[in-house]
Engineer: 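There's a structure below that I have some questions on.
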Amino acid sequence: MSTKVTPPAIHFRAAVALAGRFPALAGVDLNVAYGDVAVFLGANGAGKTSLLRACAGLLPVTSGDAVILGCDVVADPLEIRRRVGLLGHAAHLYDELNPVENVRFVLRAARSDIARADPALQRLGIVGRLRKTQVGRLSAGQRRRVVIAGLLARSPELWLLDEPHAGLDASTRELLGVLIEEAASSGATVLLSSHEPELAVPLADRVITLAGGRVVGETTGGRKRVRSLTERSRADVA
Amino acid sequence: MSTKVTPPAIHFRAAVALAGRFPALAGVDLNVAYGDVAVFLGANGAGKTSLLRACAGLLPVTSGDAVILGCDVVADPLEIRRRVGLLGHAAHLYDELNPVENVRFVLRAARSDIARADPALQRLGIVGRLRKTQVGRLSAGQRRRVVIAGLLARSPELWLLDEPHAGLDASTRELLGVLIEEAASSGATVLLSSHEPELAVPLADRVITLAGGRVVGETTGGRKRVRSLTERSRADVA
Amino acid sequence: MWRDTILVAGKDLRIEIRSRVGIWQILPFALLTLVLFAFALGPDASTLRSFAPGLFWLAVLFSAVLTTQRSFAIESDEGTRDGMRLLGIDPAGIFLGKALAIAVQLAILQVLLWAGITVLFGVRTHTAWIAITASLLATVGLACAGVIYGALSAGLRVRETLLPLLVLPVLAPVLIAGSKAWSTALSGAGSGGTQWLRILAAFAAVYLVVGVVLYGPLQEAA
Amino acid sequence: MWRDTILVAGKDLRIEIRSRVGIWQILPFALLTLVLFAFALGPDASTLRSFAPGLFWLAVLFSAVLTTQRSFAIESDEGTRDGMRLLGIDPAGIFLGKALAIAVQLAILQVLLWAGITVLFGVRTHTAWIAITASLLATVGLACAGVIYGALSAGLRVRETLLPLLVLPVLAPVLIAGSKAWSTALSGAGSGGTQWLRILAAFAAVYLVVGVVLYGPLQEAA
Amino acid sequence: MKNGPVKSSRVNNGLVRPRLTTVIGALAVVSIAATVWLGLWVTPPDKVQGNLVRLVYIHPPVAWVALYLAFGLAALSSLLYLWKRTRSLFWDRLAAASVEVGVVFNALTLVSGSIWGRPTWGVWWTWDARLTSTALLLVLFVGYMALRRVPADPEIRARRCAVAALVAFVDVPIVHFSVVWWHTLHQNATVLNPNITPTIHGSMAWTLLLGFVAFTLLFVWMVVRLYQVQLLKDRIGDRELAISLGERWAESDLGTPVHAEGAPAGRER
Ligand code: HEM
Ligand SMILES: Nc1ncnc2c1ncn2[C@@H]1O[C@H](COP(=O)(O)OP(=O)(O)OP(=O)(O)O)[C@@H](O)[C@H]1O
Ligand SMILES: Nc1ncnc2c1ncn2[C@@H]1O[C@H](COP(=O)(O)OP(=O)(O)OP(=O)(O)O)[C@@H](O)[C@H]1O
Ligand SMILES: [Mg+2]
Ligand SMILES: [Mg+2]
C-alpha cells in the first residue's frame with residue numbers, strides 16, 4: 001500500500017446521525033477519493049438518503065467523524081453547502097417561478113455566471129413553452145430535470161444524487177449517465193443512490209452497499225477508468 | 001370480429017382534460033377491458049399522470065367521453081373513487097399517524113374489514129418498529145410501501161399505479177409484480193405508468209405509448225394470458 | 001354518512017391528541033389576542049368591560065380561523081388535495097366529521113376564553129343560559145362555515161393567507177350577533193338576547209345545510 | 001451579504017409580483033380586520049375615531065403575521081426546509097433579504113390602511129411626520145422580528161398555528177408604541193410622540209441585530 | 001454513569017449531589033414556613049393596608065424568582081448553549097427546567113398580584129404597563145414551551161428554543177422598568193431600587209428578606225428537580241436510542257461494530 005497523498009473528498013468514520021431519536025446512520029465508515037463516482041445500493045430505509053443529506057451538511061452527525069471536501073460537517077456546514085449540489089427525493093424549487101428563473105437564482109446564489117442557465121436547461125430538454133411555465137405546474141420528471149439543470153449549471157465540486165433516475169424518461173436517463181461521466185472526468189466527485197443497479201453500476205467506480213445505516217459491502221463498478229491504476233489504489237487507501 | 005359483450009373497464013373517447021389552461025390530455029382514445037393490465041409509457045410530460053388522475057376522477061375531463069367502471073367521470077366521480085385505488089407521485093398519508101392507523105383509516109373509509117390491515121402491511125415488509133413509526137418519519141420507499149399496503153388491503157376494482165417501481169427496493173419491486181398479477185387474475189383491472197419498461201412490460205397485457213397527451217401507439221406486453229385469445233380480441237375491439 | 005362523520009372526526013381528534021396543537025398553540029393564542037385587544041384599546045377598565053363581549057368574539061373568530069387552518073393542514077400534506085377525495089367517502093360525512101372535530105375544540109376554547117374575560121376585563125355573567133346557547137349555536141356555525149372555506153383553500157399554496165380573507169367576512173354575523181347576545185347575557189337584561197340567538201341559530205342552520213349539500217361539488221372544485 | 005440580501009429580496013418580491021398574494025389577499029384581509037373591529041366595538045363614530053390608532057396597529061400586526069407566513073410558505077414547499085440552506089448563502093443575507101421584502105410589502109400595506117382608517121373612521125392626520133416615522137420604524141421592527149420567528153417555525157407542519165403564537169407577543173410593544181405615536185399624530189399634540197418613536201427605534205434596532213447575529217444558528221436549527 | 005435500573009431520586013443529575021438537593025428542599029420548606037409564620041403572626045398590620053400588607057412577603061419574592069432567577073437563568077443558559085465553545089445539552093436542559101419554574105412563578109405573580117389588587121385597587125386586573133408586560137412575559141414563555149413540544153431532534157430543538165428564550169427575555173427589562181417609564185399604578189421599586197435604603201423597616205424588612213431567601217431556595221430546588229426530569233427524559237431517549245441503534249445494527253448482518261464499545265448514545269455535546 002502506498003502512503004496517503006491527498007485526503008479523501010468524503011471521509012466518514014464511525015459516523016452516527018440521528019433523525020429524531022432514530023440512528024438513521026449507525027456508524028458509517030467510508031472514504032471516497034476526489035473524482036470518484038460512488039453509487040449506494042440498499043433496501044428501503046437502509047440510510048441512502050440520510051447519508052447523502054449528511055454529506056450536504058443537512059443531517060447533523062452526532063458522533064464520529066465526518067469531513068466533506070476537507071470541511072467538518074458539524075463545524076462548517078455552510079462552506080460545504082456552497083460546494084455541493086443535492087438532488088433530493090423532493091425538488092427544491094420555487095413553484096411560482098419558471099425554470100429559467102429558478103436556475104438563475106441558484107446561479108446567482110452561487111456567484112456563478114447566469115448565462116450558464118440557458119445551455120443547461122437546453123441540454124435537459126427544458127425548451128420552448130416549458131422554459132416559461134411555473135415549475136409548480138410541470139410534471140414530476142420535468143421538475144427533476146430542472147433541478148438537474150441547476151446542478152449542471154452550477155457544476156459543484158460534489159454531486160449528491162438521490163435516486164436520480166427515478167421519474168426520468170429513457171432519453172434523460174441516458175443523458176444523466178453522460179452528465180455524471182462528464183462531471184467526474186472534470187474532477188468533481190459524484191455520489192448517487194439508486195434502486196436500479198443495471199443503470200447505476202455501469203456509471204460508477206465503486207458500488208457501496210448500505211444496510212441498517214452502515215456500509216456493509218463494496219464492489220467495483222463498471223466505469224472505464226481514465227486514471228491509472230496506481231492513482232486508483234492510492235485514493236482508495238486514503 | 002365478434003360483437004361487443006361487456007363494456008370496457010376504461011373507456012376514453014376524444015377525452016380532453018385541462019390542468020389550468022393547459023390540455024394535459026389532448027384527445028385520448030382508449031379502451032381497457034376488465035381484468036387487463038395496461039402499462040403506459042412515454043416521455044416526461046407525455047400525460048401519464050394526467051391520464052391516471054383522470055381515471056380516478058381527480059382531473060376533470062372537459063370534452064369527449066370518459067367512462068370508468070361504467071361510471072361517467074364527470075357525473076359520478078365519487079362512485080368511481082370508491083372503487084379505484086391510486087398510488088400517485090406523492091403518498092397520500094397522514095404524517096402524524098403510523099402505518100397501521102393509516103391503513104386502518106383507509107379500510108374504515110372503504111367499509112372494509114380493518115383486520116386486513118395487518119397482513120397487508122406484513123406483506124409489504126412494514127413490520128416491527130416501522131408499524132409504530134409516524135409515517136412522516138419513514139423513508140421515501142417505506143412511505144410508498146405503506147400506500148401499496150393500503151391498496152392491497154382495500155383491493156379496489158381498478159388499480160392506478162403511477163410509476164409504482166420508483167423508490168422501491170429490489171425485493172419490493174419483485175413483490176409488486178406478484179401483487180399486480182394477483183390483482184389482475186382475481187379480476188381487477190390494473191393501469192400503471194412506468195419509465196422502466198424492462199420491469200413493467202413483462203407484467204402487462206398491453207403496452208400503450210403516450211405522447212403529447214394522446215395515445216400514439218400500442219404493443220402487447222409479456223403477461224402470460226390465462227384467458228383465451230378470442231376473449232382477448234373481443235375486449236380489444238370493445 | 002354518520003359512520004363517515006365519526007370516522008373523520010375521530011381521526012382529526014386523534015391527530016390533535018397526538019400533536020396537542022390546540023392546547024399548546026391555539027389556546028394560548030386566543031388568550032393572547034385578548035391581551036392585544038386591550039393594548040389596542042388602552043387601559044380604561046370601564047371601556048374594556050363594555051367591549052368585553054366584542055373582544056371575546058373577535059378572539060373566538062381568529063381562533064376559529066386557526067383551528068380551521070390546522071384542520072386542513074393535516075389533510076393536505078405534500079401540497080395536494082387528493083388525499084381526502086381519494087377516500088371516496090360521503091362528502092357530507094367528511095364535512096360533518098371535520099366540523100364536529102373543530103366544534104369540539106372551539107367549545108373547549110370558549111370556556112377558557114370566558115374565564116379569561118372574567119378575570120382580565122372584570123365582567124360578570126348574569127344570564128348564563130343566553131351566553132351558553134349563543135356560544136353553542138355560534139360554535140356550530142363557525143365550525144361549519146370554517147370547514148366549507150377550509151375545503152376551498154385546502155392544498156393551495158396560498159392557503160395561509162387565503163383562508164382568513166375568505167372566511168372572516170362570512171363569520172362577521174357571528175361576531176355581531178354573538179357580541180350582542182353576550183352583551184345582554186353579561187348585563188343581565190334577560191330578554192333582549194333571544195333575537196340574536198335566533199340569528200345565530202339561523203346562521204348555524206344555513207351553513208350546516210349548505211355544507212351538507214354543497215360539500216361534494218366543493219371538494220371536486222378544490 | 002448585501003448581494004445576498006438583494007438576491008433574496010428580489011426573488012421574494014418577484015414571487016409576490018407573480019402571485020399577487022399581498023395585493024389580493026393580505027391587503028383585503030387588513031381592511032377587513034378594520035371592519036370587523038368596527039363591528040366588535042359597535043357603531044358609535046366617536047368611539048371608533050378615538051380607537052382608530054389602536055385598530056390600525058392591530059390590523060398591521062395581524063397582516064404582518066400573514067405576510068411572514070406567506071414569506072416562508074414560498075420557501076418550504078414540500079414540507080422541507082432544505083431549500084434555503086442548500087443555497088449555501090450567507091444567513092445574514094437571507095435574513096436581511098427576507099426582512100426587506102416583507103418591509104416593502106408592509107409599507108405599502110400601511111399606506112392603504114391609513115387611507116382605510118381615514119375613510120372608515122373619519123380620522124384626520126395632523127402631524128404627519130410622527131405617523132410616518134413611527135410607521136417606518138415599526139415596519140423595520142415587524143419585518144425583522146417576523147423573519148426570526150418565521151424561520152423558527154418554517155417547514156414545521158404546525159407552522160400555521162405556531163407562528164402567530166410566537167410572534168404576536170413579541171410584537172406587542174410595536175402595537176402599544178405605534179398606537180400611542182399615532183394617537184399623538186392624529187390628535188395633533190406634536191411633541192408627546194417622540195418617546196414612543198424612541199421605543200419603536202429601539203425595538204427595530206434590537207431585532208435587526210438579533211436577526212443578523214442569530215439567523216445562522218437558527219437556520220441550522222430549522 | 002451507572003448501568004441497569006437506577007432509583008430516580010438517587011440519580012446523579014450533574015447539577016447538585018442528591019443529598020444536597022434534599023437539604024435544599026428541606027431548607028426551602030422550613031424557610032417558607034418561617035416566612036408564613038412571621039408574615040401572618042409576628043409582623044404588624046400596615047396603617048393603610050391593614051392585613052393585606054402581608055402579601056408583600058409573597059408577591060415580590062415570587063416575582064423576583066420568576067423574572068430574574070428563572071428567566072435570567074434560562075436566558076443565560078440559552079446564550080451559553082448557542083455559544084459554540086460552551087455548547088452542551090446541559091445548558092439546554094437547564095434552560096428548559098428554569099423556564100418551567102419561571103412559568104409557574106410568573107403565573108403565581110399574576111395570581112398573587114391580582115389577589116392583592118382586588119382590595120387595593122378595587123379590581124382583579126387593570127391594564128397597567130407592569131401588569132400587562134408581566135402577562136405578555138407569561139405568554140412568551142408559554143410559546144417557548146409550545147416550541148419545545150414540537151417534535152424534533154434534541155440538538156435542533158435546543159437551538160431553536162435557545163433563540164426563542166433569548167428573544168423572549170427582552171421583555172424582562174421592560175417589565176422591570178415599566179413602572180419608571182410609564183408611571184403606573186403599580187408599586188415602584190421598593191426593594192430593588194438603586195439607593196439601597198429599604199423604605200420599610202424592622203421585622204417587616206427581615207421577614208421580607210427571609211421571603212426572598214425562602215423562594216430562592218424553593219426555586220433552586222425546583223430547578224434541580226426539573227433538571228432531573230429533563231435529564232431522565234434524555235436518558236430514556238438515550239436508552240431508546242441505544243435500543244434502536246442495536247436494532248439498526250441488527251438490520252445488517254454485520255453485527256455490532258468494532259468501534260462501538262461503551263455508550264452508543266453519541267458524544268455528549
Ligand atoms: C396582577 C397584578 C400584579 C402583577 C402582574 C404584578 C407584577 C409584579 C412584578 C413583575 C414585580 C417585580 C418587578 C421587579 O422587581 O422588577 C412586582 C413587584 C412588586 N409588586 Fe406587583 N404586581 C401586581 C400587583 C401588585 C399589587 C396590587 C401590589 C400592591 C399594592 C403590588 C406590589 C408590589 C411590590 C411592593 C413589589 C416589589 C417592588 C420592588 O421591590 O421592585 N403588586 N409586581
Ligand atoms: N424519527 C424517526 N423515527 C424512527 N425512524 C426514523 C426516523 N427518522 C428516520 N427513521 C428511519 O430511518 C431510516 C431512514 O432511511 P433513509 O431515508 O436514509 O432511507 P433510504 O435508504 O433513503 O430509503 P429509500 O430507499 O426508501 O429512500 C428509515 O428506516 C426510517 O424509518
Ligand atoms: N397549468 C399548466 N400550464 C402549462 N402546462 C401544464 C400545466 N399543467 C400541466 N402542464 C403540462 O402538462 C403535462 C402534464 O403531464 P403529466 O404530469 O401527466 O406527465 P407525465 O407523463 O406524468 O410525466 P412524468 O413522466 O414526468 O411524470 C406536462 O407537460 C406539464 O408541463
Ligand atoms: Mg431515500
Ligand atoms: Mg407523472
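To find a chain, count down the sequence lines: A is the first, B the second, and so on, and within it residues start at 1.
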Engineer: Below 4.5 Å, heavy-atom pairs only: which of B/Arg108, B/Arg154, B/Glu96 has the largest tally toward chain C?
Structural biologist: B/Glu96
Engineer: Who pairs with C/Phe62 by ring pair (Phe, Tyr, Trp, His ring centres under 6.0 Å), at least two apart in sequence or on another chain?
Structural biologist: D/Phe62
Engineer: Can you check side-chain contact (heavy atoms from CB on, under 4.5 Å) on B/Glu101 and C/Arg14, steps first, answer last?
Structural biologist: CA-CA 10 Å; B/Glu101 288 166 332; C/Arg14 177 188 293 237; 2.6 Å; yes
Engineer: Hey, are B/Arg111 and C/Asp4 close enough for a salt bridge, meaning a charged N less than 4.0 Å from a carboxylate O?
Structural biologist: yes
Engineer: For the residue pair C/Ile15 and B/Tyr94, what are the closest heavy atoms and their distance?
Structural biologist: CD1-CD2, 4.1 Å
Engineer: Could you tell me whether B/Arg214 atom CZ has more than 12 heavy atoms of other residues or ligands within 6.0 Å of it?
Structural biologist: no
Engineer: Might you confirm whether atom CD of B/Glu182 has over 12 heavy atoms from other residues, nucleotides or ligands at distances under 6.0 Å?
Structural biologist: yes
Engineer: Can you tell me which portion of B/Gln134 sits under 4.5 Å from chain C's heavy atoms? Options are side chain, backbone, both or neither.
Structural biologist: side chain
Engineer: Looking at chain C, which one of B/Pro77, B/Pro60, B/Gly88 has the largest number of heavy-atom pairs inside 4.5 Å, strictly under?
Structural biologist: B/Pro77
Engineer: Are C/Lys11 and B/Leu97 packed together at the side-chain level, in the sense that at least one heavy-atom pair is separated by less than 4.5 angstrom?
Structural biologist: yes
Engineer: Would you name the heavy atoms of B/Leu78 and C/Pro91 that are closest together and state the gap between them?
Structural biologist: CD2-CD, 3.5 Å
